[in-house]
Amino acid sequence: MKRKTLLHIIIFTHLCCCCAAQQQQADTTYQLPDALVTQSGKKISNKTDWEKFRRPEILQLFEKNVQGKTPAKKSFLHFKTTSVNANALNGTATRKEIRVYFSKDEKHHMDVLFYIPNRRDKPVPLFLGLNFSGNQAIHADTGISLSKRWFAYGKEPAYKNHHATEASRGTDANAWPVEQIIAAGYALGTIYYGDLQPDSANSINAGIAPLFYNKEQTKPAADEWGAIGVWAWGLSRAMDYIETDKDLDAKKTAVIGHSRLGKTALWAGAQDTRFAIVISNNSGEGGAAITRRKYGETIDVMNNVFPHWFSDNFKLYNHKENDLPVDFHELIALIAPRPVYVASASEDQWADPTGEYLSAYHAGAVYALYGLKGLPGSQPPNENMPVGDGSIGYHLRKGGHALTPYDWQQYLRFADRFFKQQQ
Ligand code: GCU
């Protein structure tokens with residue numbers, strides 16, 4: 001098998017975990033924290049109070065207890081264009097690689113790969129997302145620079161000794177249907193998540209986090225970020241670049257992520273309101289799923305297998321979901337009034353499709369404060385029946401844990417409603 005990439009390994013883990021999830025019953029006795037009641041009991045009934053009191057409170061609760069705080073300190077940001085090909089993909093697109101430096105000494109950086117449709121008469125809307133397997137894996141285009149970074153998962157021949165080989169080119173193309181995105185009039189920006197922080201336990205100092213340490217600090221404090229916070233920060237830095245690029249319409253940027261990178265996209269979108277649409281693909285526990293359902297993956301399982309993703313404080317809630325002062329419908333509510341799309345897959349029980357739907361559904365109470373429509377009801381739809389003609393979209397794709405052209409088709413249609421019909 002030529003294409004033994006990270007995604008195959010993740011799918012395998014999911015299949016195993018799904019069997020476990022299927023034998024499990026969701027807890028249905030839980031009581032969700034009310035997004036519209038502050039911790040001191042004040043009822044929120046309009047968007048002014050939401051923005052003034054409850055939104056900042058919920059954001060702080062996530063920072064303190066879940067993903068951890070993102071440092072306020074600014075890094076020394078600058079950009080260099082490292083390659084341009086105005087004639088990529090048979091002349092339909094411009095391929096551009098931008099190196100974003102985070103420090104003056106240029107030791108820390110990430111590479112953003114863009115494909116921009118050549119058929120354009122003004123700045124174009126775009127999708128921005130982190131990828132798992134390196135920029136060169138998203139398309140067979142040999143002009144994409146081969147990542148020299150460390151890879152947590154890739155197997156030979158595409159990855160050797162944790163490094164990408166030429167054989168990794170295009171191995172993740174199914175998740176990134178570039179031609180489909182370009183034909184729909186959108187640009188795509190993507191970054192290998194390992195540019196920001198290796199995805200392995202005890203690796204926080206191998207990423208960009210130390211740039212933000214105080215003099216004596218050797219690791220983030222218990223209420224400070226883990227890898228998901230670092231990856232989300234990277235998406236915001238890509239946005240800093242996008243705002244400077246005249247080919248791109250920064251105000252029409254949809255941030256997207258699959259799985260752990262879906263958890264990341266939600267957190268990026270919750271913190272950084274410049275992201276105009278937020279898309280969570282199969283993000284599961286710590287992403288879209290209601291944690292109090294205790295179905296599929298739980299906080300304890302996730303924190304044990306991936307102790308580096310969230311803040312150390314989040315570990316205090318292992319087996320104690322009901323003590324968490326937030327649940328994940330409130331993470332989605334933080335995105336209001338911006339459009340949000342949550343997608344699940346029928347065989348991805350590990351990510352709890354019903355819990356993902358319910359989160360998106362319950363976030364609707366906050367969208368309603370803006371007079372915006374959420375999802376139609378508390379019952380999840382059938383497979384391949386996208387729902388939500390308001391500001392919240394959802395579908396349950398038939399199949400397993402993956403980002404597929406079917407998912408993209410729905411995201412493009414959703415984005416069209418907000419980015420194309422309001423010109
Ligand atoms: C594991 C993990 C999930 C995560 C997924 C992924 O299955 O348990 O929380 O979403 O990996 O990132 O693919």
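No hydrogens, no waters, no symmetry mates; every other heavy atom, side chains included, goes into these values. Just so it is clear, the model here is predicted, and its values are computed rather than measured. When a ligand or atom number is given, it counts from 1 through the structure's own listing order.
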Side chains of [Y] and [X]: any donor to acceptor distance under 3.5 Å?
| X | Y | result |
| --- | --- | --- |
| Glu321 | Thr291 | no |
| Asp105 | Ser103 | yes |
| Gln271 | Thr70 | yes |
| Thr190 | Asn131 | yes |

Sidechain N-carboxylate O distance under 4.0 Å for Asp245, Lys96: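 Answer for the salt bridge query: yes.
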Under 4.0 Å, heavy-atom basis, I'd like to know which part of [X] is in contact with ligand 1: side chain, backbone, both or neither.
| X | answer |
| --- | --- |
| Glu297 | side chain |
| His401 | side chain |
| Lys263 | side chain |
| Tyr153 | neither |

Contacting atoms of ligand 1, where contact means under 4.0 angstrom from a heavy atom of Phe306: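 Per the distance check, 1 (C), 2 (C), 8 (O).
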Test of ring centre spacing under 6.0 Å for Phe212 and Trp233: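 Yes, they do, as the ring centres are separated by less than 6.0 Å.
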Contact check: Ser259 vs ligand 1, nitrogen or oxygen atoms, below 3.5 angstrom: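 N/O-N/O distance below 3.5 Å exists for this pair.
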Trp350 N/O under 3.5 Å from ligand 1 N/O: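 Indeed, backbone or side chain, Trp350 has an N or O that close.
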